[in-house]
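Numbered from 1 within each chain, the chains take letters A, B, ... in sequence-line order. Just so it is clear, the structure is predicted and the values come from calculations on it, not from any experiment.
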There are 2 protein chains.
Amino acid sequence: MESKRQTMQKQIIFDAVNSLKNHPSAEDVYRYIHKKYPQISLSTVYRNLYSLAQDGKIKRLSTLTPERFDHFTDEHTHFRCNRCGEILDLFIDLTQIILEQMEKDSFEHKVSGVNIVLDGVCKDCKGLK
Amino acid sequence: MESKRQTMQKQIIFDAVNSLKNHPSAEDVYRYIHKKYPQISLSTVYRNLYSLAQDGKIKRLSTLTPERFDHFTDEHTHFRCNRCGEILDLFIDLTQIILEQMEKDSFEHKVSGVNIVLDGVCKDCKGLK
DNA sequence: CTTGGTGCAAATGTTTTGCATAAGC
DNA sequence: GCTTATGCAAAACATTTGCACCAAG
């Protein structure tokens, strides 16, 4: 699954994730590039998103359904608004806090990733009835 | 979606989640009860799991695919082993830590749920090649 | 040239839905 | 009885795969 060749498709898909920014799903990326590149297939989008993630160029947000992809690769937290469905980035460093806490509790498993999704209602939707 | 009637199916499904304990998926629950109650359908299992969650009797772990259901309803953290696939409960109170941190940062969105999934390799799998 | 990547279509896995019937209250 | 819940089958999604062909190195 790791990439051995540079292809036009991979570059276009990577650029799309960077342009879209808002945690696009595979479908979002596909629709976005489909206007300009109608010959690129959805399965190629999936395969390249996975391959880019493998190479550390983007991040898979596998705790969301459908899965989304993030151009921002540092560990960070997401907030999902149950009203409008928007996914917001939170740059509060919860990962660090959690890892410290694990250490304090002499945690016996090897942690390689921290996925945090907060649910709630965003400030824009809070006002609405 | 909230329950208005008590049915035999709902009771059986609730009991199954409590017996299975290990974060069963809808399919797991279905297979478990199917031996004794072959007439209960998979869609009834889904509908009742959602309804039980709505009533606060069980908890949906919607950050996992397939979705899983937890008999333990308090907020807690899950650890997923990438080797054996097991989901472990962590009773370290990260939720509290996170909510405190949000307050400290005068967070402007309303948080109603905290979903944390740690990825890694569990202590039993760590030793294996 | 060789092998990995692509496009297409079809398969898979999970969840949801429409509808006629059954069963709580 | 009135409605909600069930069972079945089919639809709706999201994702993955087989395979013949294309193209990067």
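- Between A:Gln11 atom CD and C:dT6 atom C1' there is a gap of 17 Å when expressed in whole angstrom units.
- For the salt bridge (Lys or Arg N to Asp or Glu O under 4.0 Å) condition, the pairs that include at least one residue of residues 63-74 of chain B, sequence neighbours left out, are B:Arg60-B:Glu67.
- Of the residues in residues 64-73 of chain B, those with a non-hydrogen atom less than 4.0 angstrom from any atom of DNA chain C are B:Pro66, B:Glu67.
- In plain terms, the two heavy atoms of B:Ile58 and B:Leu49 that are nearest each other are CD1-O, 3.5 Å.
- One atom, CD1 of A:Ile12, and another, P of C:dT6, lie 10 Å apart when rounded to the nearest Å.
- Partners of B:Gln96 by side-chain hydrogen bond (donor to acceptor under 3.5 Å, both in side chains), not counting sequence neighbours: none found.
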Do nucleotides 19-25 of chain D as a string where each nucleotide becomes B, S or -: B if the base has a protein heavy atom under 4.0 Å, S if just the sugar-phosphate does, - if no protein is that close.
----BBS

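- Within residues 23-44 of chain A, the residues having any heavy atom closer than 4.0 Å to DNA chain C are, in order of number, A:Gln39, A:Ile40, A:Ser41, A:Ser43, A:Thr44.
- Axis orientation changes by 40° from one end of the helix from C:dC1-D:dG25 to C:dC25-D:dG1 to the other, with each end axis drawn from 5 pairs and the value rounded to 10°.
- Judged as a side-chain contact (heavy atoms from CB on, under 4.5 Å), and not counting sequence neighbours, the contacts of B:His109 are A:Phe79, A:Leu88, A:Cys122, A:Lys123, B:Phe107.
- Qualifying side-chain hydrogen bond (donor to acceptor under 3.5 Å, both in side chains) partners for A:Arg5, counting only residues two or more places apart in sequence or in other chains: none.
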Sequence neighbours left out, cut at 3.5 Å: what donor-acceptor pairs do the side chains of residues 112-120 of chain B make with other protein atoms?
residue  : atom : partner  : partner atom : Å
B:Ser112 : OG   : A:Asp119 : O            : 3.4
B:Asn115 : ND2  : A:Val117 : O            : 3.1
B:Asn115 : ND2  : A:Asp119 : OD2          : 2.7
B:Asp119 : OD1  : B:Arg80  : NE           : 2.8
B:Asp119 : OD1  : B:Arg80  : NH2          : 3.3
B:Asp119 : OD1  : B:Asn82  : ND2          : 3.3
B:Asp119 : OD2  : A:Asn115 : ND2          : 2.6
B:Asp119 : OD2  : B:Arg80  : NH2          : 3.3

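- C:dA23 atom P lies 15 Å from atom CG of B:Asn48, rounded to whole Å.
- Nearest heavy-atom pair across A:Ile40 and A:His34 is O-ND1, 4.5 Å.
- Not counting sequence neighbours, A:Tyr32 has no partner by the side-chain hydrogen bond (donor to acceptor under 3.5 Å, both in side chains) test.
- Rounded to an integer number of Å, the gap from CD of B:Gln9 to P of D:dT4 is 17 Å.
- Residues A:Leu20 and A:Tyr37 share a hydrophobic cluster, clusters being chains of Ile/Leu/Val/Met/Phe/Trp/Tyr side chains in contact below 4.5 Å.
- Take A:Lys59 and apply the salt bridge (Lys or Arg N to Asp or Glu O under 4.0 Å) test, not counting sequence neighbours, and it matches A:Glu75.
- Taking both residues in full, the closest heavy atoms of B:Ala26 and B:Phe69 are given as N-CE1, 4.0 Å, listed atom of the first, atom of the second, then distance.
- Taking the side-chain hydrogen bond (donor to acceptor under 3.5 Å, both in side chains) definition, one finds that A:Gln39 meets it with nothing, sequence neighbours left out.
- For the pair B:Tyr50 and C:dT16, the criterion of a side-chain N or O lying under 4.0 Å from OP1 or OP2 is met.
- Formation of a donor-acceptor pair under 3.5 Å by the B:Lys126 side chain with backbone atoms of A:Glu108 is found in this model.
- Taking 4.0 angstrom as the limit, B:Tyr46 places none of its side-chain polar atoms (N or O) nearer than this to OP1 or OP2 of D:dT6.
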